[in-house]
Amino acid sequence: MKRSKATQQSQNQDFALRRSARLADKFMNLPDELTTKIFSKMEDDPKTLIRCSLVSKKWASFVSKTVSLTLRFSRNDHFLACSKHHHHIPLSALPAIMKVFANLESLEIKVCHPASEQPVYGNITKMTVTWEGYVSQTDTWVAFEVGTLSSIGGAMLSHDFDEEKIATIKSSLVTDFYWIMIVHRPEKLKTLVISSAKNYGVLSGKVLITIEQVSNLHDSISNSRVSESWLEDPQNIVYWHKNNSDKEQLIHDQVWLVYRSNFFVTKNGLHHEIIVREKNAKELLDGLDDHDHDMILRINSSGSFLNLPDNLLDLFTVISRLWPCLADLELLIFVEDMIMAEI
Amino acid sequence: MSSSTDSPTLTTETTQLSPQPDTETAKPTKKITLKSSDNQIFEVEESVAMEFATVKSFFEDSPSTDTVPLPNVTAKPLSQVIEFCKEQIKFKANPDEAQKKKYNAEFVTEKSDKDLVDMIPVANYLEIKDLLDVLNQAVADRIENKSVEYVRSFFGIDNDFTAEEEAALRREHAWAYEGVDED
């Protein structure tokens, strides 16, 4: 095809020449399928992926096909560096990121602690949310370092820990992410893991116990010295994470207090029923001795909240705020213990 | 395809205690000829050629051929891919994960951007999964935290966003465009 204006033609030729010269200088474009394979190596690098989505519209569509991603935030937002020098993302950027990665199936959110942060307690929080259709299940673990256990000195637990207060603080950190993700969740997202951990005695072994086992620990230690067999008894502890590098037979491990909570959210057709239920309800209920076997707390939005612990009331309030349209809201709650229900 | 399984029975003078190593060295190494799209001929040992899944299945289909034409592959990336596979054969015989990692890292570090990207379609066509993995990771590492302009020129891609669209996207994800590494 001939062009009428000579100037335009020469401009076009110029452009084509420059372009082909550059391509010859570089290389043939990679086929799309191979470009996306490169992106799959960047699942822990959302910063580069987002920049790639600005390369061209086609690349933006490639990036949006990412199915698995890890995002790192800093506990005090992104201004303070963590010891690993990760690129931290500001919390406020999360909704926009979810728009870019609209096809995500699995997301991991890691919350780093700034290297300069004052040591308080070692702590781990991990929340796992899985979706199946409208049903979501949330499992939360919170653990704090509260003392040491040694074969020489017995158990030493700090007296000043206020377990309820720290549990509330720690879980609220991941809960912020949880609520943002509930609102901005990509449709296909099936797994969300939010974790935050700070370990001050990296090399030590860890003994995980529940709040009920604290008194147990005191009793046993006063009678007999702590031994491996005592630690291997599941009645005494939840989990013993041995430090393998310690060649001596002496035990000198950290004591971590662990809480777990678990709930389901379902949306069941026209009934709009929401059920909150402990995962291994039966198993857990068997462990309750001062309640009826079928302890189910039924709360109707018009009904009474008799005998409900405060933290369950909080949960109810949050859920009803999130789905205000649900007049027939009903919660079925299985409870393992009262402290664990801080979600 | 003629494997060592039937060869030990041929040797009668030795005891049966040392079968594999002797037959391996005694067996003449079969060469296979690969022909690139720009008509260059590469003679490689059979064991190396069998690393290329595409070549391997070509031989399984027509065992009598001795030259494999590779119409999608030019000489330069092919020679580099062969170099990589020769080393992998050694690691197969003598597994040493640390050495292999070190070799793989050096292999990609000394290559130019163009060489790396040119090898990707070749590794893909010949179905050399390990190499493809190494190359994809290397390219991902090279564009890590680089500017959008750098990535465009790295892959030779034209920007089809309007200035307004681009500005809006940069504003929406301002954090991602802070702290770019030097090109």
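In this text, all values refer to a predicted model and were calculated from it rather than measured experimentally. Naming: A, B, ... by sequence-line order, numbering from 1 per chain.
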- prompt: If you measure from NZ on A:K47 to CD on B:E178, what distance do you get to the nearest 0.5 Å?
  reply: 7.0 Å
- prompt: Does a side-chain N-to-carboxylate-O contact under 4.0 Å join B:D141 and A:K41?
  reply: no
Flag side-chain contact, heavy atom, 4.5 Å: A:R51 against B:V180: yes
task: Return yes when atom NZ of B:K102 has more than 12 non-hydrogen atoms of other residues, nucleotides or ligands closer than 6.0 Å, and no otherwise.
output: no
query: Relative to chain A, which segment of B:S147 carries a heavy atom at a distance below 4.5 Å: side chain, backbone, both, or neither?
result: backbone
field: Contacting region of B:L132 [heavy-atom separation from chain A under 4.5 Å]
entry: side chain
- line: Heavy-atom nearest pair, B:P121 first then A:L34, reads CA-CD1, 3.7 Å
- prompt: Where does B:N124 contact chain A at under 4.5 Å (heavy atoms): side chain, backbone, both or neither?
  reply: side chain
field: Shortest non-hydrogen contact from A:L54 toward B:R152
entry: O-NH2, 2.7 Å
message: Between A:I97 and B:W175, is there a side-chain heavy-atom distance shorter than 4.5 Å?
response: yes
task: Could you check which of B:L169, B:I120, B:N145 has the highest count of heavy-atom pairs closer than 4.5 Å to chain A?
output: B:N145
message: Just checking B:K111: does its NZ atom have more than 12 heavy atoms from other residues, nucleotides or ligands closer to it than 6.0 angstrom?
response: yes
- request: Could you tell me whether the side chain of A:S56 reaches within less than 4.5 Å of the side chain of B:D158, counting heavy atoms only?
  value: no
task: Search all heavy atoms of A:W59 against all heavy atoms of B:I157 and return the closest pair with its distance.
output: NE1-CD1, 2.9 Å
statement: Here the gap from B:E144 atom CD to A:D44 atom CG, rounded to the nearest 0.5 Å, amounts to 8.0 Å
Shortest non-hydrogen contact between A:A96 and B:E172, atoms and distance: CB-CG, 3.8 Å
- prompt: For B:V151 and A:C52, which heavy atoms make the closest approach, and how far apart are they?
  reply: CG1-SG, 4.3 Å
message: With a 4.5 Å cut-off on side-chain heavy atoms, are A:S40 and B:N136 touching?
response: no
